[in-house]
There are 2 protein chains.
Amino acid sequence: MDNKTLFNKLITFTSSVLRVTNDLTKDVRPDIITQVQYEILDFIAVAKQPITLSEISDCIRISMPNASREIRKLGELHLVEKKSDVEDRRKQFIYLTKDGETMMKKVYQQIEFNFKNRMENASAEDLKEIERAVDILQTKLYF
Amino acid sequence: MDNKTLFNKLITFTSSVLRVTNDLTKDVRPDIITQVQYEILDFIAVAKQPITLSEISDCIRISMPNASREIRKLGELHLVEKKSDVEDRRKQFIYLTKDGETMMKKVYQQIEFNFKNRMENASAEDLKEIERAVDILQTKLYF
DNA sequence: TATTTTAATTATCAAAAGACAACTAAATGA
DNA sequence: TCATTTAGTTGTCTTTTGATAATTAAAATA
């Protein structure tokens, strides 16, 4: 199978991932935060490590000024905290607060509920296959 | 492996897919269209079949009024055309025009270029494995 | 030490996207 | 046939998001 066909499959695949993810995350975003704010919190939560403002700005592709503004708003909602790097005091590490963690935990539980609903007809063998496939793509494509 | 761990992997996986897709599609959106408009065109292009306004509204999760407005704008840019269903004349099928197809073809070529750059170190065996994994996920998870 | 670069902030303005009410026209169904 | 539902449209207002310039403070470097 040549590269070209793989690429075409990937276009479809990406679109499917987006569609299903959309579906699973329908209505899980708390009303007090906006879409970008949700993306930022999700990014921080999944990263599980101190993330700087620059990294957020880079990865989610919002400008530094706008990232800074949204982080400030999330701070005002007591969902994140800033702490400057002791090595380089220009850098700001962003953390979820307890409140932020609690909120995101609830979000993921809701998504998991939707996910289990979606997969209720899948066999154990199916789930194993899915897991293997996810591992492969995670390593070889989405690193 | 139990469901819970698979779910956690999927959270990470989804986040990775988003990040890499973001990366591959960086700067490919033509300046004359907005982000939502790009999403709509991409949705129509990937679907490869007549799509109604309701379906666009459903899948991309924008309200009917807003979907209608964006489609009108895309029509004014000569990128899409509407054609009412002969069976049910309330329904509007949305198509890419020649211009729309040409634009999206260029977009996908650019993404493919970025993709090939990204994968230049992958072996033929890697690519085969990736393709198998994509097929599995497409069938068993992202249907 | 003086200059330049980097990380982040603040303020402001413009554009995009979302929400909602009121409407038309076609289809469905009692 | 008449009421109701469905698909889409139009207009308007608000909120969110994006873009840019100016600024601060720390770090790197000449």
Side-chain angles (χ1 to χ4, degrees), chain A residues 18 22 25-44 47 49-77 79-95, chain B residues 18 22-23 25-44 47 49-77 79-95 103:
Chain A
L18 281 180
N22 253 354
T25 59
K26 202 178 216 162
D27 305 323
V28 301
R29 170 163 63 84
D31 286 338
I32 56 162
I33 57 172
T34 70
Q35 183 56 30
V36 225
Q37 286 166 4
Y38 175 83
E39 281 165 39
I40 291 173
L41 291 179
D42 183 50
F43 178 69
I44 301 173
Q49 36 162 312
I51 292 291
T52 67
L53 203 89
S54 306
E55 288 169 323
I56 292 173
S57 167
D58 260 18
C59 295
I60 316 207
R61 277 162 66 186
I62 36 184
S63 66
M64 278 280 279
N66 294 333
S68 176
R69 174 185 59 197
E70 297 309 322
I71 291 291
R72 178 178 52 72
K73 287 181 187 169
L74 289 172
E76 285 163 6
L77 293 168
L79 297 170
V80 302
E81 265 173 357
K82 281 186 278 194
K83 207 171 167 185
S84 44
D85 185 354
V86 282
E87 311 265 288
D88 181 343
R89 279 160 35 220
R90 288 170 306 180
K91 290 187 185 167
Q92 294 291 317
F93 285 125
I94 317 293
Y95 300 88
Chain B
L18 281 181
N22 253 353
D23 213 52
T25 58
K26 201 177 216 162
D27 305 322
V28 301
R29 169 164 63 84
D31 286 338
I32 55 162
I33 57 171
T34 69
Q35 183 57 30
V36 231
Q37 286 166 4
Y38 175 83
E39 281 165 38
I40 291 174
L41 291 179
D42 183 51
F43 178 69
I44 301 173
Q49 38 163 311
I51 292 291
T52 66
L53 203 87
S54 307
E55 288 169 323
I56 292 174
S57 167
D58 260 16
C59 294
I60 318 208
R61 278 160 67 186
I62 36 184
S63 66
M64 278 280 280
N66 294 334
S68 176
R69 174 186 61 195
E70 297 310 322
I71 291 291
R72 176 178 53 71
K73 287 181 186 169
L74 288 171
E76 284 163 6
L77 292 168
L79 297 170
V80 302
E81 266 173 358
K82 280 185 278 195
K83 208 170 166 185
S84 44
D85 185 354
V86 282
E87 310 266 287
D88 181 343
R89 278 161 36 219
R90 289 169 306 179
K91 289 186 186 168
Q92 295 290 316
F93 285 124
I94 316 293
Y95 300 88
M103 169 186 276

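FYI, side chains are in, hydrogens and waters are out, and symmetry mates aren't considered; it's all heavy atoms of this structure. Protein chains get the first letters and strands the later ones, always in sequence-line order, with residue 1 at the start of each.
- At the phosphate of D/dT20, neither OP1 nor OP2 sits under 4.0 Å from any side-chain N or O atom of A/Ser63.
- Atoms CD1 (B/Ile62) and C1' (D/dA7) sit 15 Å apart, rounded to a whole Å.
- By the 4.0 Å N-to-carboxylate-O rule, A/Lys73 lies too far from A/Glu76 to be salt-bridged with it.
- For DNA chain C, the neighbouring residues in residues 65-76 of chain A, judged by any heavy atom under 4.0 Å, are A/Pro65, A/Ser68, A/Arg72.
- Rounded to the nearest 0.5 angstrom, B/Leu18 CG and A/Cys59 SG are separated by 12.0 Å.
- Atom CD1 in B/Ile56 sits roughly 14 Å away from atom P in D/dA7 (whole-Å rounding).
- In this structure, the side chain of A/Glu39 does not engage the main chain of A/Val36 through any donor-acceptor pair within 3.5 Å.
- A side-chain donor-acceptor contact under 3.5 Å links A/Ser57 to the backbone of A/Ile62.
- Summarising the geometry of A/Thr52 relative to A/Lys91, their closest heavy-atom pair is CG2-CD, 4.3 Å, with the distance given to 0.1 Å.
- Residue contacts for A/Ser57: at a heavy-atom cut-off of 4.0 Å it reaches no nucleic acid atom on any strand shown.
- Under the 4.5 Å side-chain criterion, counting only non-hydrogen atoms from C-beta, A/Val80 is not in contact with A/Tyr95.
- Panel note: side chain B/Arg61, backbone A/Asn22; a donor-acceptor pair is recorded below 3.5 Å.
- Summarising the geometry, the separation between CZ on B/Arg61 and C1' on C/dG18 is reported as 13 Å, rounded to the nearest angstrom.
- Between B/Met64 and A/Val36, the residue whose closest nucleotide on DNA chain D is further toward the 5' end is B/Met64.
- Inter-residue side-chain proximity for B/Met64 and B/Leu53 is flagged as met; some heavy-atom pair is nearer than 4.5 Å.
- Heavy-atom distances under 4.0 Å link DNA chain C to B/Glu87, B/Asp88, B/Arg89, B/Arg90 of residues 81-90 of chain B, given in residue order.
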